[in-house]
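Data first, discussion second: the structure below is written as structure tokens.
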Amino acid sequence: MTDQTRTPDANPGLGSGFDEFLREEGVYEDVQAAAIKRVVAWQLTEEMQRQSITKVEMARRMKTSRSQLDRLLDPDNDRIELATLSRAARVLGRELQIALA
């Protein structure tokens with residue numbers, strides 16, 4: 001059967017969104033949380049580089065340890081408090097924004 005002769009029912013998953021797939025698999029919330037953390041960690045790292053702020057200096061400004069900062073910037077560590085993210089943003093002269101969509 002060619003794509004031109006395929007009926008709409010031939011592949012019921014065709015055209016469904018990736019979000020829907022993740023929901024069906026029961027992992028949507030976990031994947032979304034991990035993606036958000038990766039983006040925030042990347043944004044913080046990029047802003048530190050843009051401002052030429054080292055990790056040591058960033059940790060000092062945040063009044064925290066270098067190991068805590070490393071956990072904050074680790075894209076795979078999703079156990080970070082909002083207050084810590086907000087403090088890091090403020091140190092960089094930025095603002096953490098969270099919204100319900």
Side-chain angles (χ1 to χ4, degrees):
M1 177 182 322
T2 67
D3 286 340
Q4 295 171 341
T5 60
R6 184 176 294 168
T7 63
D9 295 336
N11 188 348
L14 190 64
S16 66
F18 187 61
D19 288 352
E20 185 58 33
F21 167 76
L22 294 174
R23 284 185 181 96
E24 289 171 5
E25 295 296 312
V27 296
Y28 176 79
E29 288 80 12
D30 292 338
V31 170
Q32 187 169 17
I36 290 169
K37 174 54 172 67
R38 284 182 174 276
V39 169
V40 171
W42 176 79
Q43 288 175 327
L44 290 170
T45 301
E46 287 292 307
E47 188 63 22
M48 286 171 59
Q49 289 175 354
R50 190 183 74 72
Q51 295 183 30
S52 300
I53 298 173
T54 66
K55 287 183 177 181
V56 171
E57 177 61 17
M58 182 71 172
R60 186 191 66 75
R61 291 181 186 187
M62 288 181 64
K63 297 179 173 59
T64 192
S65 68
R66 166 74 190 271
S67 60
Q68 176 64 24
L69 179 63
D70 284 338
R71 285 190 291 276
L72 174 68
L73 298 177
D74 179 356
D76 296 321
N77 183 353
D78 62 354
R79 304 282 187 220
I80 302 298
E81 294 183 9
L82 291 176
T84 304
L85 290 172
S86 182
R87 189 167 71 244
R90 280 193 314 272
V91 162
L92 295 170
R94 304 299 293 256
E95 181 180 318
L96 180 67
Q97 296 182 353
I98 299 173
L100 296 177

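Quick note: residue numbers are just sequence positions, from 1.
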What donor-acceptor contacts under 3.5 angstrom involve side-chain atoms of residues 29-40, with partners at least two apart or in another chain?
from: Gln32; atom 1: OE1; to: Tyr28; atom 2: OH; distance (Å): 3.1
from: Lys37; atom 1: NZ; to: Leu72; atom 2: O; distance (Å): 2.6
from: Lys37; atom 1: NZ; to: Asp74; atom 2: O; distance (Å): 2.7
from: Lys37; atom 1: NZ; to: Asn77; atom 2: O; distance (Å): 3.3
from: Arg38; atom 1: NH2; to: Asp76; atom 2: OD1; distance (Å): 2.4

Problem - Shortest non-hydrogen contact from Leu73 toward Lys55 - result: CD1-CE, 4.0 Å
Sequence neighbours left out, cut at 3.5 Å: what donor-acceptor pairs do the side chains of residues 81-99 make with other protein atoms?
from: Ser86; atom 1: OG; to: Arg90; atom 2: NH1; distance (Å): 2.9
from: Arg87; atom 1: NE; to: Met62; atom 2: O; distance (Å): 3.0
from: Arg94; atom 1: NH1; to: Glu47; atom 2: OE1; distance (Å): 3.2

Exercise for the section: Sort out for me which residue in Gln43, Gln49, Met48 forms a side chain to side chain contact (heavy atoms under 4.5 Å, CB included) with Glu46. Expected result: Gln49
Handout entry: Residue list, salt bridge (Lys or Arg N to Asp or Glu O under 4.0 Å) with Arg61, at least two apart or on another chain
Key = Glu57
Problem - Rounded distance (nearest 0.5 Å) linking atom CD1 of Ile80 with atom CD of Gln68 - result: 5.5 Å
